[in-house]
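Quick notes on the structure that follows.
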Amino acid sequence: MLSTIFRQSLRAVSARQLQGTSIARSYASDSSSSNNNNNKSEGTEALMNILNSSPQKSEANSNSNRTSFKSSSAELIMDTLNKATDRQNANRSAQGNNSFLNSKLFGGLGSSSGSGRHFLSEPQTASHNLHIHASMNNTILTLTDSAGDPITTQSAGSAGFKKSARSGPEAGYQAMVKLIEKVEEKNVNILSLHVLMKGFGPGRDSAFKAIRAKTNWDIKRISDTTPIPFNGCRPPKARRL
């Protein structure tokens, strides 16, 4: 029992001495920067004063340091909490300002949940679909309803073009004009249109230009359905010319 008390007392004395020497060194360094002539005398006097000071003063200093540390840490925590609440309020106000995107009037363009549709995430259903198959030899157009049932069809060959003329851009334009005339004769009401393009023939762009020039159809979506082989079937042998 006595040995443990003796050890604890020795540890306390050594700790106080180390604390005193560290404070003395810092005080000596500060004094050397200000007064170069009285370095040794002031340093030794400060060291002797600290070593001879009572343990109550050192404990009072440590308690004051602890209270100051606690107050500074509490201020830091409150500052971070205030900043976090300010960010949350700013985000809520931004969401409130952009709430018109989630309204039913605009179809819920920016909404991720609710009755509105997702913007560029779900396909917008149209009342009719227009398939444009533009091959290197012909341009075939087919108008269907939303379920995929064909209503009318037209091609560059049926529009009056023969042989190699069927693959030209003028043939695709005239084929689309003929298709529009058929739609008007059948009194088909096209509220919205989904254009599906397949192939890279010359009549691809000209057929689409005819839609924009001759009609006021509301084109909701344009898709490219050209098949891309991933090392599938062997392509035909190249022609010898």
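Here the structure is a predicted model, which means the values were calculated and not measured.
Hydrophobic clustering places W217 together with I132 (ILVMFWY residues linked when any side-chain heavy atoms are closer than 4.5 Å, directly or through intermediates). A continuous path of Ile, Leu, Val, Met, Phe, Trp and Tyr side chains, each step under 4.5 Å between heavy atoms, connects V188 with M176, placing both in one hydrophobic cluster. Each of Y173 and I140 belongs to its own hydrophobic cluster when Ile, Leu, Val, Met, Phe, Trp and Tyr are linked at side-chain heavy-atom distances under 4.5 angstrom. A continuous path of ILVMFWY side-chain contacts below 4.5 Å connects I222 to I190, so both sit in one hydrophobic cluster. Residues V195 and V177 are members of separate hydrophobic clusters, defined by side-chain heavy-atom contacts under 4.5 angstrom among Ile, Leu, Val, Met, Phe, Trp and Tyr.
Between the side chain of K186 and the backbone N or O of I151 there is at least one donor-acceptor pair closer than 3.5 Å. At least one donor-acceptor pair under 3.5 Å links the side chain of N89 to the backbone N or O of T85.
Within the model, atoms CG of L143 and NZ of K182 stand 11.0 Å from one another, a figure rounded to the nearest 0.5 Å. Atom-to-atom distance recorded for L196:CG and H133:NE2 is 12.5 Å, nearest 0.5 angstrom. Here Q174 contributes atom CD and S206 contributes atom OG; the two are 9.5 Å apart, rounded to the nearest 0.5 Å. For the atom pair NZ (K198) and OG1 (T142), the distance works out to 10.5 Å, reported to the nearest 0.5 Å. With rounding to the nearest 0.5 Å, the separation of CD in Q154 from CD in E181 is 9.0 Å. Summarising the geometry, atom OG1 belonging to T139 is positioned 10.5 Å from atom CZ belonging to R166; distances are rounded to the nearest 0.5 Å.
For the pair H131/T144, a side-chain contact is recorded, criterion being any heavy-atom separation below 4.5 Å from C-beta on. Residues S223 and R221 are in side-chain contact: their nearest non-hydrogen atoms beyond the backbone lie under 4.5 Å apart. S192 places a side-chain heavy atom less than 4.5 Å from the side chain of S127. Put simply, the side chain of N129 does not reach to within 4.5 Å of the side chain of L193, judged on heavy atoms. S167 is not listed as a side-chain neighbour of M136, based on a closest heavy-atom distance of 4.5 Å or more. For the pair L179 and L130, the minimum side-chain heavy-atom distance is below 4.5 Å. Between L191 and H128, the closest side-chain pair of non-hydrogen atoms is not below 4.5 Å.
For N82, the CG atom counts as densely surrounded, since its 6.0 Å shell holds more than 12 non-hydrogen atoms of other residues, nucleotides or ligands. For K178, the NZ atom sits in a loose shell: 12 or fewer heavy atoms of surrounding residues, nucleotides or ligands are nearer than 6.0 Å.
Counting only N and O atoms by type, the side chains of D224 and T226 include a donor and acceptor under 3.5 Å apart.
Scanning both residues, P202 and G168, for their nearest heavy atoms gives CB-C, 4.2 Å. Residue H194 comes nearest to A126 through the heavy atom pair N-CB, 3.8 Å, listed as atom of the first residue, atom of the second, then distance. Scanning all heavy atoms of the two residues, the minimum distance from P229 to P227 falls at CD-O, 3.9 Å. Between A175 and A156, the shortest heavy-atom contact is CB-N, 3.9 Å.
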